[in-house]
There are 2 protein chains.
Amino acid sequence: MQNAVDTNDFVELVRQAGLRPTRQRLSLARQLFMNGDRHVTAERLHSESLDQGISVSLATVYNTLHQFTNAGLLRELVVDAGRSYFDTNVSAHHHLYFEETGELRDVPGDNVAIENLPMLPHGMKVSRIDVIIRVKNGSAESS
Amino acid sequence: MQNAVDTNDFVELVRQAGLRPTRQRLSLARQLFMNGDRHVTAERLHSESLDQGISVSLATVYNTLHQFTNAGLLRELVVDAGRSYFDTNVSAHHHLYFEETGELRDVPGDNVAIENLPMLPHGMKVSRIDVIIRVKNGSAESS
DNA sequence: AGAAAAATTAGAATCATTCTAATAAACAAA
DNA sequence: TTTGTTTATTAGAATGATTCTAATTTTTCT
Ligand SMILES: [Mn+2]
Ligand SMILES: [Mn+2]
Ligand SMILES: [Zn+2]
Ligand SMILES: [Zn+2]
C-alpha cells in the first residue's frame with residue numbers, strides 16, 4: 001500500500017509480459033519496480049533476494065532479467081567489460097557512471113544532442129544510442 | 001616504405017611508452033598502427049599475428065594492449081558485455097556499432113553535443129564520454 | 001483431479017580475461 | 001662480450017560473469 005503499487009499490479013505486469021506470475025518472478029518484479037528507478041546487476045538482485053529470505057536461483061534471476069528485458073520492462077546496459085546492469089528506466093535517457101563506485105545515475109535524454117548523424121548504410125536504422133559520462137575523483141576537468 | 005611508417009618508428013613508439021621494444025610488442029604495434037584506424041579485439045589481434053607467422057601468446061597480446069592503453073596509444077571500448085575492443089584512434093570521437101556484424105565505425109567527436117551536463121558531485125570530474133550509436137537492419141527509424 | 005505446458009534449479013560448461021610461476025630476452029655495467 | 005639485473009614472455013591454471021542441461025516442480029487448462 002506504500003507506493004500505489006501493490007502485489008496485484010505485479011501479477012498484471014508479469015502477465016502482460018506474456019509470462020506466468022510465479023513466486024520468483026513476482027518477487028523480482030517487486031524488488032525491481034517497487035521503489036523507483038534502479039540500475040542493478042544480476043548478482044546484486046540475487047543476493048538482495050536471499051537477504052529478504054526469498055529463495056531464487058541465480059539462473060532464474062538471469063532468466064527473468066532477460067525476459068523482462070525482451071518484454072520492454074528493462075533495458076540492459078554495459079558500462080564495464082564483463083558486467084551487465086539492468087535499468088528499470090526504459091525511457092530515452094543517458095548515464096553518469098561513477099568509475100570508482102560503479103554507481104549509475106540517470107541523465108535526462110534531452111541533455112544530449114546528436115547533431116549530425118553520419119550517413120547510415122542503406123537499409124540500416126538506429127536501434128539505440130547509449131551515452132555514458134564517466135566520472136571520477138579529481139581536480140579540474142579533462143577534455 | 002609503404003606508409004611513411006617503418007620499423008624504426010615503432011621502436012621509438014614503444015620506447016616512448018616506457019616499454020622495451022621486444023619482437024612481440026613491435027609486431028603488435030605494426031599490426032595496430034600500420035594501416036590507419038582499427039577497432040580490434042585481443043582474440044582477433046592474436047589470430048592475425050599467428051596468421052602472419054608471428055608467434056605471440058594470448059597473454060602477451062592482452063599485456064601489450066593494456067600497456068599501450070595505459071600509455072595513451074589505445075583506448076579500450078566496451079560495446080557488448082564480455083568483449084573489449086581496442087581503438088587505435090585516441091582522439092575525441094564516438095562510435096557507430098553494427099549490431100549484426102560487430103563492426104565499429106568512428107563518428108567525429110563534433111557531431112555530438114552534450115548540452116547541459118548534470119551537476120557533478122563535489123570534486124568529481126568527467127574522465128570520458130562514450131557515445132555508441134547502435135544500428136541494425138530494418139525499415140524506418142526508431143525513437 | 002489429471003495432463004500438458006512452462007518455470008525453476010543445481011551444477012556443469014563456456015568464454016573472455018587475468019594470474020602464476022617458470023623461462024627467456026633485453027639492458028646496463030664492467 | 002661476459003655478467004648481473006631488470007623486464008618480458010609464456011603455458012597453463014584460475015576467475016568470474018553468464019549460459020546451458022537435464023531433472024524436478026509449478027502453473028495452467030480441461
Ligand atoms: Mn544478456
Ligand atoms: Mn582491461
Ligand atoms: Zn538509467
Ligand atoms: Zn574509434
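All heavy atoms count here, side chains included; hydrogens, waters and symmetry mates do not. Quick note on labels: first sequence line is chain A, next is B, and so on, each numbered from 1.
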B/Arg15 side chain N/O closer than 4.0 Å to the phosphate oxygens (OP1, OP2) of C/dC27?
yes
Of all heavy-atom pairs between B/Val14 and B/Arg20, which one has the smallest distance, and what is that distance?
CG1-O, 3.6 Å
Would one find a side-chain N or O of A/Tyr62 under 4.0 angstrom from OP1 or OP2 of D/dT18?
yes
Answer yes or no: are there more than 12 heavy-atom neighbours, outside A/Arg75 itself, under 6.0 Å from its atom CZ?
yes
Mind calculating the distance between CG (B/Leu65) and C1' (D/dA8) to the nearest angstrom?
15 Å
Is the ring centre of A/Tyr97 less than 6.0 Å from the ring centre of A/His39?
no
In whole angstrom, what separates A/Glu43's CD from D/dT15's C1'?
13 Å
Minimal heavy-atom distance between A/Asp130 and A/His94, with the atoms involved, is C-ND1, 4.4 Å
Euclidean distance, atom CZ of residue A/Arg44 to atom P of D/dT18 [Å, nearest integer]
14 Å
Grab the CD-C1' distance between B/Glu76 and C/dA16 for me, whole Å please.
12 Å
May I have the distance from B/His66 (atom NE2) to C/dA16 (atom C1'), rounded to whole angstrom?
11 Å
For nucleotides 3-10 of chain C, give me every protein contact, N/O to N/O, under 3.5 Å, one pair per line with atom names.
residue : atom : partner : partner atom : Å
C/dA5   : N3   : A/Arg20 : NH1          : 3.4
C/dA6   : O4'  : A/Arg20 : NH1          : 2.9
C/dA6   : O4'  : A/Arg20 : NH2          : 3.2
C/dA7   : OP1  : A/Arg25 : NH2          : 2.5
C/dA7   : O5'  : A/Arg25 : NH2          : 3.4
C/dT8   : OP1  : A/Thr22 : OG1          : 2.4
C/dT8   : O3'  : A/Gln24 : NE2          : 2.7
C/dT9   : OP1  : A/Gln24 : NE2          : 3.3
C/dT9   : OP2  : A/Ser57 : N            : 2.9
C/dT9   : OP2  : A/Ser57 : OG           : 3.2
C/dT9   : OP2  : A/Thr60 : OG1          : 2.9

Heavy-atom distance under 4.5 Å between the side chains of A/Asp106 and A/Asp87, does that happen here?
yes
Please report the distance, rounded to the nearest Å, between CG in B/Leu77 and C1' in C/dA16.
16 Å
Just how far, in rounded Å, is P of C/dA16 from NE2 of B/His46?
13 Å
Can you list everything that forms a side-chain hydrogen bond (donor to acceptor under 3.5 Å, both in side chains) with A/Arg105? Sequence neighbours excluded, please.
A/Glu103
Between atom CG in A/Leu45 and atom P in D/dA17, what is the gap in whole Å?
15 Å
